[in-house]
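Residue numbers start from 1 in every chain, and the chains themselves are labelled A, B, ... in the order their sequence lines are given, proteins ahead of strands. The shown structure was predicted, so the numbers you read here are calculated from the model rather than taken from an experiment. Only this structure's heavy atoms are used, side chains among them; waters, hydrogens and symmetry mates stay out.
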2 protein chains.
Amino acid sequence: MIGDARMADVAAAAGVAISTVSRALSNPEQVNERTRERIVQAARELSYVPNAMARKLRRGATELTMAAVPHRSNSPALSDLLAGIDETMTAAGYRLILERMDRADAAGRFILDPALSGTVDGVFVVSSKVPQFAHRSPEQTRLPLVGLLFDHSSAGIPSVLVDDRYWAAEAAGRLIALGHRQIAFLAGAADGAHDIVRHAGVLDAMDKAGLPRTSVSCASKAMGRSRAARRPPGAAWRCRKCPRPRSPAPTNSPSAS
Amino acid sequence: MIGDARMADVAAAAGVAISTVSRALSNPEQVNERTRERIVQAARELSYVPNAMARKLRRGATELTMAAVPHRSNSPALSDLLAGIDETMTAAGYRLILERMDRADAAGRFILDPALSGTVDGVFVVSSKVPQFAHRSPEQTRLPLVGLLFDHSSAGIPSVLVDDRYWAAEAAGRLIALGHRQIAFLAGAADGAHDIVRHAGVLDAMDKAGLPRTSVSCASKAMGRSRAARRPPGAAWRCRKCPRPRSPAPTNSPSAS
DNA sequence: GTGAAAGCGCTAACAA
DNA sequence: TTGTTAGCGCTTTCAC
């Protein structure tokens, strides 16, 4: 059965030492071609598959990374981000462990515990919170962390970010260039720090185009849930920083013209 | 630094044998309470974190499972599915490795190779294709596989499925109950086997309600891409099994009334 | 209840 | 180029 054979079995079958098998499989160029062929042949016949754990233990690297992502998110954007990470890491010979962390709770424990245990070689943090372990900062760890989307550079974690303000302005600019004058800004959940920045970007675009900021109306996606219940239908939610529009009141439809 | 201490260090610090440390940490009830306290204390002071790989190697189980999912999917449905798997597996002490497989290519290799290598204890297959390894079926493997959404039971893989036809009929039934008579069926990409079944379910509902099947019009999400280019805007794509509507031609808007 | 010792399966010096 | 050997860090008999 597949996976039953050990390296020693292959060695025996090929009539070589176990270390030669190891080399033939990991560093083929260090082995005589004919020997190598015998070994590969034997391995194939035995349906030999190397044991990853043994290798990982011995080498001290797991070729596994972890993506710590928000627990309750099924957004396509996150999927795309994961796909991107996965693609690059796969190309580099790594696999990705998914860690959905609960925002509220002591997620850090959950994250860094297995991470430090040597299960993963590094962690991608897609979260507004910096993961912790037993009240110690990640800096006290050998574990490489990288922040994504959220800036943790002040915590000593290199972070890859999107310039939300710039690109929001850019997006709004496109609409304006198309001749649109009334812009609806649909924000995500109420706690999205990114939305505030993006909103500013949209206003930037309005300013730049010499259009009144009051032509931007805001609506939160979260409307359907919490706040919506307390508000008359058709009334848009406005963020604190959003200038109040004059009457007639803006609708909450996603029109952009 | 966190993670630098070994079990032997803890043993030395606590003045016990290494095996006692192991027990104290894995099977506390087998160790004298006072001894255990000393050990725990020492472990804490040394910021000891057990090495997962060593444990995995020794125990022969990795407490890791793999989810093999379609490569190009960022659908919220998939995220939800993953979240569900993750939640249950986490509760059971397992973590999830993400494997995005390319549909077309010999994905099976990619999946089962590391799987068989002892990296994971089991695999969730969310794919229309059964993963293979070196032209051998999964049955020749010790690795537990479970099919999700796609039925692989004929290949000997237990599968957890959604009764698409039933629930599509149910959904359509709700619309009908609300008084709607014109139903738009928005399908996914052209190759979705599920869509055909769901479409049948919608027609079931029409039949049951005594409504004409011609009141169901189909539009594919994929319109925007491949087929759409060759079709006049506003014209809906119709699946082969979908009865042709009478004029006026249905629009492709997602209206349901 | 605790310790000593034998590995899990593999890799990497070091020799030959 | 190939073989011998010593572990990686942990769990688990088997004694005491």
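Formation of a donor-acceptor pair under 3.5 Å by the D164(A) side chain with backbone atoms of R198(A) is not found in this model. No donor-acceptor pair closer than 3.5 Å links the side chain of N27(A) to the backbone N or O of E29(A).
For the pair E63(A) CD and dT11(C) P, the interatomic distance rounds to 10 Å; values are reported in whole Å. As rounded to whole Å, 11 Å separates atom C1' of dT11(C) from atom CD of Q30(A). A straight line from CZ of R38(B) to P of dT2(C) spans 8 Å, rounded to a whole angstrom. At whole-Å resolution of the value, CD in E33(A) and C1' in dT2(D) are 17 Å apart. Taking atom CG of residue L25(A) and atom P of nucleotide dG9(C), one finds them 16 Å apart after rounding to whole Å.
A donor-acceptor contact closer than 3.5 angstrom is absent between the side chains of Q41(A) and E37(A).
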>> At under 4.0 Å between heavy atoms, how does the protein contact nucleotides 3-10 of chain D? Give one character per nucleotide, 5' to 3', with B, S or -.
In response: BB-BBBBB
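Taking each heavy atom of H71(A) and R100(A) in turn, the nearest pair found is O-NH1, 3.3 Å.
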>> Is there a side-chain contact (heavy atoms from CB on, under 4.5 Å) between D9(B) and R6(B)? Walk through the geometry before answering.
In response: CA-CA 5 Å; D9(B) 302 326; R6(B) 301 287 155 245; 3.6 Å; yes
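The side chain to side chain contact (heavy atoms under 4.5 Å, CB included) test with M66(B) is passed by exactly one of L145(B), L96(B), V120(B), L143(B): V120(B).
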